[in-house]
Novice: 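Have a look at the structure that comes next, please.
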Amino acid sequence: MIMVSGASGNLGRRTVQHLVQRIDASRVLALSRTPDAIGDLGVRSRHADFDEPDSLVRSLDGAERLLIVSIGTGDRLPKHARAIDAAAKAGAGHIVFTSLTRAAEPGHPSPLVPDYGATERLLAESGVPFTVLRFNVWVEMLTLVGVAGRAVATGVLPSNAGSGRVGHLTRDDSASVAAAVLADGGSLGEVVEVTGPQAVTDADIAAALTEATGRRVRHEEVSDDKQPQRLVEQGITEQFAHAWSASGIIKRNGWFDITTHAVERLTGRAPTPIVDYFIARRAELVTPR
């Protein structure tokens, strides 16, 4: 069986949908704490909870390959550890883990990175063949946080990232890569940096929004101390405003400035250009000014 954890979440769900295009659906098992929520995927499902180590071993029984979709909450590391341990005890043949770009590099300023780097080390020590997929920043973050929509609405994209570049990719391309690795069983022992087709600045993002929506979006350089308030004034929540401003510093210092050909190499198709992502979401981006 090829198993996908977190199948009720966005990445897990899309991975299953890509996976059944590559292999027979009878070989796919979707794992979730709420298996009733994924009946529409057209594959078998099974309850799996990273907080229940004893039952988790039974849930992973028969796993030829397993995708561990990383946890988004603050207690992710112990959950990841339990999942890896359960997979080893269940005799899994290959673990694929979704990580963050440059997760093991010393000095990485993202507060999320230590947990991901530690998980990668646990995988290496587990004795189970593994693949780490380090995804660069999803372009969806621009729409989720609201930065893209407010930039279109106001005509301004404020940024403290300077000329920092990001190898943005889409979540769907990430899911396609995960499905390809699961289906083919390749990339054993590899840590794969997965990125978009090119690294772009926030000025490039503003230009892409302009092209996609037909509304001029101007890039505006803002200092670190003023960026959070500037975003709040545009309608971004204070929590997201501070988080996005912190990521601007990380961008400016080059931590996301990495591009690879992993998407095309593993899936056989080119990654989605950022402007195409925005064009597909023009209706939700274009709001009354």
Novice: Quick one, Val4 with Leu31, criterion side-chain contact (heavy atoms from CB on, under 4.5 Å). Give me CA distance, side-chain angles, the key distance, then yes/no.
Specialist: CA-CA 6 Å; Val4 177; Leu31 304 173; over 6 Å; no
Novice: Please determine if Asp172 and Arg269 form a salt bridge, counting it only when a charged side-chain N lies under 4.0 Å from a carboxylate O.
Specialist: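 A salt bridge is present here (some side-chain N lies under 4.0 Å from a carboxylate O).
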Novice: Are Arg33 and Asp49 ion-paired here, with the side-chain N under 4.0 Å from a carboxylate O?
Specialist: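 Looking at Asp49 together with Arg33, the answer is no, because their closest N to O distance does not fall below 4.0 Å.
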Novice: I need the Arg215 CZ to Thr210 OG1 distance, nearest 0.5 Å.
Specialist: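 Rounded to the nearest 0.5 Å, the CZ-OG1 separation comes out at 11.5 Å.
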Novice: For the side chain of Thr201 and the backbone of Asp204, is there at least one donor-acceptor N/O pair under 3.5 Å apart?
Specialist: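 Yes: the side chain of Thr201 pairs with the backbone of Asp204.
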Novice: Take the angle between the ring planes of Phe97 and Tyr116 and call it parallel below 30°, perpendicular above 60°, tilted in between.
Specialist: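 Aromatic pair Phe97/Tyr116 classed tilted.
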Novice: Any sub-3.5 Å donor-acceptor pair from Arg44's side-chain atoms to Ser26's backbone N or O?
Specialist: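 Judged by distance alone, yes, a pair lies under 3.5 Å.
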Novice: Assess whether atom CD of Glu105 is packed by more than 12 heavy atoms of other residues, nucleotides or ligands within 6.0 Å.
Specialist: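 Yes, the 6.0 Å shell around CD holds more than 12 heavy atoms from other groups.
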Novice: With a 3.5 Å distance limit and no angle check, can you tell me whether His168 reaches the backbone of Val137 through a side-chain donor-acceptor pair?
Specialist: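 Side chain of His168 to backbone of Val137: a pair is present.
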Novice: Checking Arg14 against His18 for the side chain to side chain donor-acceptor pair (under 3.5 Å) test, could you report, in this order, the C-alpha distance in whole Å, the side-chain angles of both residues, the deciding distance, and whether it holds?
Specialist: CA-CA 6 Å; Arg14 289 299 295 140; His18 280 290; 3.3 Å; yes
Novice: State whether the side chain of Arg27 and the backbone N or O of Ile23 hold a donor-acceptor pair below 3.5 Å, judged by distance alone.
Specialist: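 No; zero donor-acceptor contacts below 3.5 Å.
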Novice: Could you check whether any side-chain N or O of Asp85 sits under 3.5 Å from a backbone N or O of Arg82, counting only pairs where one atom can act as donor and the other as acceptor?
Specialist: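 No, Asp85 side chain to Arg82 backbone: no donor-acceptor pair under 3.5 Å.
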Novice: Within the 4.5 Å heavy-atom criterion, are Leu144 and Glu140 side-chain neighbours or not?
Specialist: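 No. Closest side-chain heavy atoms not under 4.5 Å.
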Novice: Check residues 253-260 and write down every donor-acceptor pair under 3.5 Å in which the side-chain atom is one partner and the other belongs to a residue at least two apart or another chain.
Specialist:
residue: Asn253; atom: ND2; partner: Ile249; partner atom: O; Å: 3.2
residue: Thr260; atom: OG1; partner: Glu193; partner atom: O; Å: 2.7
residue: Thr260; atom: OG1; partner: Ala262; partner atom: N; Å: 3.3

Novice: Taking Pro228's backbone N and O only, do any of them form a donor-acceptor pair with His242's side chain (distance below 3.5 Å, no angle check)?
Specialist: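 Checked: no pair found.
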Novice: So which of His219, Lys251, Arg252 actually passes side-chain hydrogen bond (donor to acceptor under 3.5 Å, both in side chains) with Asp202?
Specialist: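 Passing option: Lys251.
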Novice: Could you tell me whether the side chain of Arg46 and the main chain of Ser59 form a donor-acceptor pair under 3.5 Å?
Specialist: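 Judged by distance alone, yes, a pair lies under 3.5 Å.
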Novice: In terms of side-chain geometry, is the basic nitrogen of Asp40 or Arg13 positioned less than 4.0 Å from the acidic oxygen of its partner?
Specialist: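 Arg13 and Asp40: salt-bridged.
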Novice: Would you say Ser176's side chain and Asp173's backbone share a donor-acceptor pair under 3.5 angstrom?
Specialist: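 Between the backbone of Asp173 and the side chain of Ser176 there is no qualifying donor-acceptor contact (under 3.5 Å).
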Novice: Look at the side chain of Arg134 and the backbone N and O of Thr98, then say whether any donor-acceptor pair between them is shorter than 3.5 Å.
Specialist: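 No, the answer is negative, given that no donor and acceptor are paired below the 3.5 Å cut-off.
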Novice: Measure from the side-chain N and O atoms of Arg282 to the backbone N and O of Ile279, and report whether any donor-acceptor pair falls under 3.5 Å.
Specialist: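 Pair absent, no side-chain N/O of Arg282 close to backbone of Ile279.
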Novice: Once side chain to side chain contact (heavy atoms under 4.5 Å, CB included) is applied, do any residues pair with Asn10, and if so which ones, sequence neighbours excluded?
Specialist: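 Applying side chain to side chain contact (heavy atoms under 4.5 Å, CB included) to Asn10 gives Arg171.
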